[in-house]
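Notes for the one structure printed next.
Chain identifiers are assigned alphabetically (A, B, ...) following the order of the sequence lines, protein sequences preceding nucleic acid strands; residue numbering begins at 1 within each chain.
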Amino acid sequence: MQKGIVMKVYDEYSVVLSNKAYYRIQRKGTMQQGQHILFSEEDIIYYDSERRNSFMQYKKIVAVAASLLILITLGVVLGLPKPASYVVVDINPSVKLDLNKDAVVIGYDQLNEDAKTLNLKNIKGETVEQAVETIASEAFLAGFMDVEDLEDDYILITTVSKENSQDIQQRLEALKETSELMGSVNVALAQADEKQLKEAIKAKVPVGLLSTAKNGENITSVKEFFEDDERVLAFAKDGIILVEDFEHKVNRVQKNLDKAKLDDDLREEIINDFLLAKEDYLTAKAIFLEDKISYEKALESGDQEAIDKARAKMEASKQAMLDVELSKDEVARVKEALLLQLEDIDRAEELAELAEELREDRLEDEEDRLEDLLEDEEDRLEDELEWLEDLEEDEEDRLEDLREEEEERLEKLREEEEDRLDDDDDDDDDDIDDDDDIDDDDDMDDDDDMDDDDDMDDDDDMDDDDDMDDDDDMDDDDDMDDDDDMDDDDDMDDDDDMDDDDDMDDDDDMDDDDDMDDDDMDDDSDDDSDDDSDDDSDDDSDDDSDDDSDDDSDDDSDDDSDDE
Amino acid sequence: MELDEYVIELQKDIHSNACAQFIEEYKPFILSNVSSKLGRYVSDQNDEAFSVGLSAFLEAIEKYDVQKGHFYGFAKMVLQRRVANYLERHDTHIHEDIDDHEMCDNTPFLEEQIILKQEIEAFEKKLQLFGLTFDDLVENKPMHLDTRERSVEIGKKTSQEQDLVDWLYEKRRLPITKMCRRFNITRKIIGRSKEFIISVIVVWVEKFDLLKQWI
């Protein structure tokens, strides 16, 4: 049971996210994206590549096993007809054919692993000849024998039958003549009884070899068995060996002769030897076969004398064949030489192939390596690019800093410069200011000055100073304070001038007063008169005392008048 | 049958730990029966249907008797009947239910639900940027839990590294080489669960907090 949230709803299923994994689950009713749900293992849908797969396979195996079981039981219950005879075909694949009394295949057993690779489905219902040929051609197609190479191929056919084994054997012998494939191999025919068959199947030995192999090694392969000539002869005592069509054999060897790249001299020699041997062998074989046939005839006739005679003849021809053995050896020698040669060629080819493979591997490796390198290089370049970008940024930052610093420095310089300039200016001002300050404290009353209104405090103060000091001084100060532009004028002006200024500054009120006092007159004249009076009064008052009540009163009156 | 005898044993003390454990073990069984009867999946938070299932199962344990056949079949029958009853009742009182329970109880819950839905939709869109769908994630998920956990760890770590995230969003693929170098891991570990790691990174980078709980 798992908790999950629905991520996506499809028509057939939904995708849920649960415990760090995504699953497909069956749809049930209405489902919404983001819905919290509980679901169990049985709701999860698995596809081929996922875990459920193994379970499905398990199921399949169980199903197959069950059906097999049913089939077998059916077979046992119904009872299959018992075969009249068996034929065991051993190439390397071993197949047991069950035959009815008409020598038609009604069943077969694949006796070893090799046989199981053969496709024998259609073999049922064929006659024994057809079946044997089918097996041989299947084995040929599957590569169990190669009729083109130098090695001799044998097909061992063992007949197990109570009644018609002779008949079957004859039919197979005839097959050897009619079938091209069967003609190009050695066919060994043997007979056995059912007990031997069972024993052989149990021991996994070709049944036809059982009697021959009993007194020695454990032979399991037909090819191995017939490699030894002695064993071939031993086998021939009980069974029949239908030798490969000689024409085919010669062609076979010749084909391989062409293939082998021998020195011309050596090759010619070998070919000559070979041809000679071939001829001799052919003759000897012909004689032997003839004798054998007559021997068989004699056997059939049952005439003891004829049998003896024929046997003697056969012995002789056998002797002749043994003589030819030398030339047969020659063929064998050629074969050996060729085999060696071919092996060399094969080895060389293998080596070449190996080298090619190695080269390809190397190339692939190289490619991989280059790809990796390329990728690494790409990464590196990217890193570098980033690094460069960083560097650029740093550089920019640095430059910015520098610029700022520079600016700051410049600013500072400028400020310093300004300060310096200011300082020069200030030196004076400062002095005055200082004075002012002091004066301020001292002179409270001296605000009376007509400057009150017009001038700023500083001015006043200065005026105060002036008051403290002589008029002239005051005037001077005044001048100074009255802005620089005025300075010159002021300086140039006398007290009167200054007064004039004052008057002018002092609004017209003063004048008005004056005016009230006096009739309208020219300003100048007025001024003059005023000046005089003012001067007088001022002088008086100032002279009298610094802090004059009169002054105050005057001021008051002035103020009053101002007010008015 | 052993199971039947065990249930009889449990009947002696229905409140024992063993009984609780037994119910816990059979939760998937209860769940599958309930949800198949309901015709929908059971919600993992206060779903009434599931509690109906649980009490039905308890009832089945209490009332079980060997004469009633195997416990398994009996429990199944009880479960399905109780759930069917619940469905009937639920249908007639549906308005009441909405008024009384769902609206009151689940309001914060519904809000969360809406946010979660939005997150999932946004997540899906982001995944599309990388050419991924949820189906891809199902198919390419690492099978083993520990592999998944390691992948999640890698994804989390990567989402902390801004430059790697930028690279991923720009190139639409994992900076595998860089990640290997930085976290000292092999290419194989990442290569096997690329898609999953991307999805983890996206969840963390985009800060889908509700989805984080599930990864």
Look up atom OG in B:Ser35 and atom CG in A:Asp43, then write down how far apart they are to the nearest 0.5 Å.
5.5 Å
Tell me, side chain or backbone of A:Asp379 under 4.5 Å from chain B's heavy atoms, or both, or neither?
side chain
For A:Glu377, does the CD atom sit with more than 12 other heavy atoms under 6.0 Å from it, leaving out its own atoms?
yes
Quick check on the interface: out of B:Val200, B:Asp163, B:Val152, B:Leu116, who has the most heavy-atom pairs with chain A under 4.5 Å?
B:Leu116
What one should report as the nearest heavy-atom pair of A:Lys8 and B:Phe134 is CB-CD1, 3.5 Å
Could you tell me whether the side chain of B:Arg181 reaches within less than 4.5 Å of the side chain of A:Asp383, counting heavy atoms only?
yes
What are the two closest non-hydrogen atoms of B:Phe196 and A:Lys20, and how far apart are they?
CZ-O, 2.9 Å
Assess the residue pair A:Tyr22 and B:Ser199 against the criterion (side chain to side chain contact (heavy atoms under 4.5 Å, CB included)); give the C-alpha distance rounded to whole Å, side-chain angles, the decisive distance to 0.1 Å, and a yes or no.
CA-CA 11 Å; A:Tyr22 299 85; B:Ser199 75; 3.7 Å; yes
Could you tell me whether the side chain of B:Asp135 reaches within less than 4.5 Å of the side chain of A:Tyr10, counting heavy atoms only?
yes
Measure A:Gln26 against the heavy atoms of chain B and call it side chain, backbone, both or neither at under 4.5 Å.
both
If you count heavy atoms of other groups shown closer than 6.0 angstrom to CZ of B:Arg172, is the number above 12?
yes
Tell me whether A:Lys412 at atom NZ has more than 12 heavy atoms from other residues, nucleotides or ligands lying less than 6.0 Å away.
no
Would one find more than 12 heavy atoms of other residues, nucleotides or ligands at under 6.0 Å from atom CD of A:Glu12?
no
Is it the case that more than 12 heavy atoms not belonging to B:Lys212 sit under 6.0 Å from its NZ atom?
yes
Heavy-atom count around A:Asp401 CG within 6.0 Å, excluding the residue itself: above 12?
yes
Quick one: pull up CD in B:Glu119 and CD in A:Gln33 and give me the separation to the nearest 0.5 Å.
11.5 Å
Should the heavy atoms of other residues, nucleotides or ligands under 6.0 Å from CG of A:Asp365 be counted, would the total exceed 12?
yes
Within this structure, what is the CD-CE distance for the pair B:Glu121 and A:Met7, rounded to the nearest 0.5 Å?
11.0 Å
Please find the pair of heavy atoms, one from A:Leu38 and one from B:Tyr41, that lie closest to each other, and give the distance.
O-CD2, 3.5 Å
Would you find more than 12 non-hydrogen atoms of other residues, nucleotides or ligands less than 6.0 Å from B:Lys157 atom NZ?
yes
Can you tell whether the side chains of A:Glu386 and B:Lys178 come within less than 4.0 Å, N to carboxylate O?
yes
When rounded to the nearest 0.5 Å, the distance separating CD1 of B:Ile120 from CD of A:Gln35 is 10.5 Å
Interchain contact, B:Leu145 with chain A, by part (heavy-atom threshold 4.5 Å)
side chain
Sub-4.5 Å side-chain heavy-atom contact between A:Leu17 and B:Leu137:
no
Can you find a pair of side-chain heavy atoms, one from A:Val16 and one from B:Trp214, that are under 4.5 Å apart?
no
Atom OG of A:Ser40 and atom CD1 of B:Ile30: how far apart are they, to the nearest 0.5 Å?
11.5 Å
